[in-house]
Structure formats: structure tokens, C-alpha cells
Amino acid sequence: MTVTIDLPSDGVITRATFENLPTPNRGWAWELHDGRLELVHMPVTIWHWQIILMILEHWRRNGHEVAGEQYVADSGFVRGGSGRNNFVADGVVFVAGHRPRPRDTTHDAGVIHVVVEAVSDRSEENDAVNKFGVYAALGVEHYWIVRGDADADQVDGMITMHVLRGGTYEVAGHRMVSKLG
């Protein structure tokens, strides 16, 4: 989405200017701090973060290196480590034996075994539609999408497990996060 904003010539953003800004895409918000306008990504819910940690812990127990909130290139591969033109995956599981460098944030798809996305109402289109084709085109072997009730008393969710076959993802199964071995 591209938005053109007419900002005041004096550079001061008032409450009135702020209230007339266009509505950003889901997951993003305008913030006004001391006259400085920022477009920020909204924080995730506790359910979202805990469900990702539970899944990554499953893979870590099975001998894989894991990381949360990592860049996966959306075209080509790593672009200078900046994350520019990349998607952020909620969780990544690296191929067996791969040890990412501690300061890495962007990864070549060839070292990723599984991408995990926790989907909410506000991220459905991006996580379950937009990223779906990109990760397949990059050759990420497994794509797990987890959905759950963020208002439930227990943190759990249903994983739809996709496997890459012939360049497209096919559903390989479903499992509750709490039932991962």
C-alpha cells in the first residue's frame, strides 16, 4: 500500500493532522510522540508469543536451532542483512546441523527447515496468503500455520502443517500444539 501524506510546511504535526491520517494496514499504527510521526508495527499478543515459543521449543528439543522474529528474504536471498524487502517470520527452525551466527537476523531460505506463523485476525491475509507463495517460491520445505483462541484460558492452537511438493505447499496434517511430542 502506498500512501501520500500532506504534512504541514512547518513540520509540526498537530492532533488534527494526526486524526486525519489514512488508516494503515492491519498490524500497523500511527503514533505521535512530541510532534514526531511514526508508523509502527503493533506488538503481538501474549498468546501469539507463547504459542511460537512452545512450537520452537518442540523443535529445539529435537536437535534443531530455532529463532523467533527472523527475516526470510521475499525475493532473491539475503540483501545486506538489513531485512529490506524481506518478510519477518514468527519463528524459524533451521535445517539439522545449521548453526546461525548470533548476530544474524536475515536468512537464506536454504538453511530454513520450517517457517512458523501464528495467525490472528489481523494477520490472516499476510501470514496465510501473501507469505504462503513467497516461502514456496523460495523452497522452504515446511510451513506451519497455527491458529488458536487468544481469549481462551489455556494457550494452545491448531497447527496446519504444509510440506513443499512440486513447488507448492500441500497440507501434510494437523496437530494441536499441546500434542507435539
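Each residue takes its place number in the sequence, starting with 1.
- Here the side chains of His58 and Asn62 are in contact, with some heavy-atom distance below 4.5 Å.
- Residue Gly110 comes nearest to Val95 through the heavy atom pair O-CG1, 4.1 Å, listed as atom of the first residue, atom of the second, then distance.
- Ring planes of Trp59 and His113: perpendicular class, angle over 60° (limits at 30 and 60°).
- Considering every non-hydrogen atom in both Ala89 and Val92, the closest pair reads CB-CG1, 3.8 Å.
- Closest approach of Arg99 to Gly63, counting heavy atoms only: NH1-O, 4.3 Å.
- Side-chain atoms of His162 and Phe132, non-hydrogen and from C-beta on, do get closer than 4.5 Å to each other.
- The CZ atom of Arg61 sits 11.0 Å away from atom CG of Leu56, with the distance rounded to the nearest 0.5 Å.
- In this structure, the side chains of Ile159 and Leu180 come closer than 4.5 Å at one or more pairs of heavy atoms.
- The two residues Gly167 and Ala136 make their nearest non-hydrogen contact at O-CB, 3.7 Å.
- With sequence neighbours excluded, no residue forms a salt bridge (Lys or Arg N to Asp or Glu O under 4.0 Å) with Arg175.
- Gln70 places a side-chain N or O within donor-acceptor distance of the main-chain N or O of Gly68, the cut-off being under 3.5 Å.
- Residue Met176 shares its hydrophobic cluster (ILVMFWY side chains chained together at separations under 4.5 Å) with Met158.
- Summarising the geometry, atom CD1 belonging to Ile51 is positioned 14.0 Å from atom CD belonging to Glu117; distances are rounded to the nearest 0.5 Å.
- Across all non-hydrogen atoms, the minimal contact from Pro100 to Phe94 is CG-CE1, 3.6 Å.
- In this structure, CE in Met161 is found 15.5 Å from CD in Glu170, a value given to the nearest 0.5 Å.
- In this structure, the side chain of Trp47 does not engage the main chain of Gln154 through any donor-acceptor pair within 3.5 Å.
- Residues Trp144 and Asp90 are not in side-chain contact: their nearest non-hydrogen atoms beyond the backbone lie 4.5 Å or more apart.
- Minimum interatomic distance between Lys131 and Tyr143 (heavy atoms only, all atoms of both residues): CB-OH, 3.6 Å.
- Using a 4.5 Å cut-off on side-chain heavy atoms (C-beta onward), Thr160 and Arg147 make contact.
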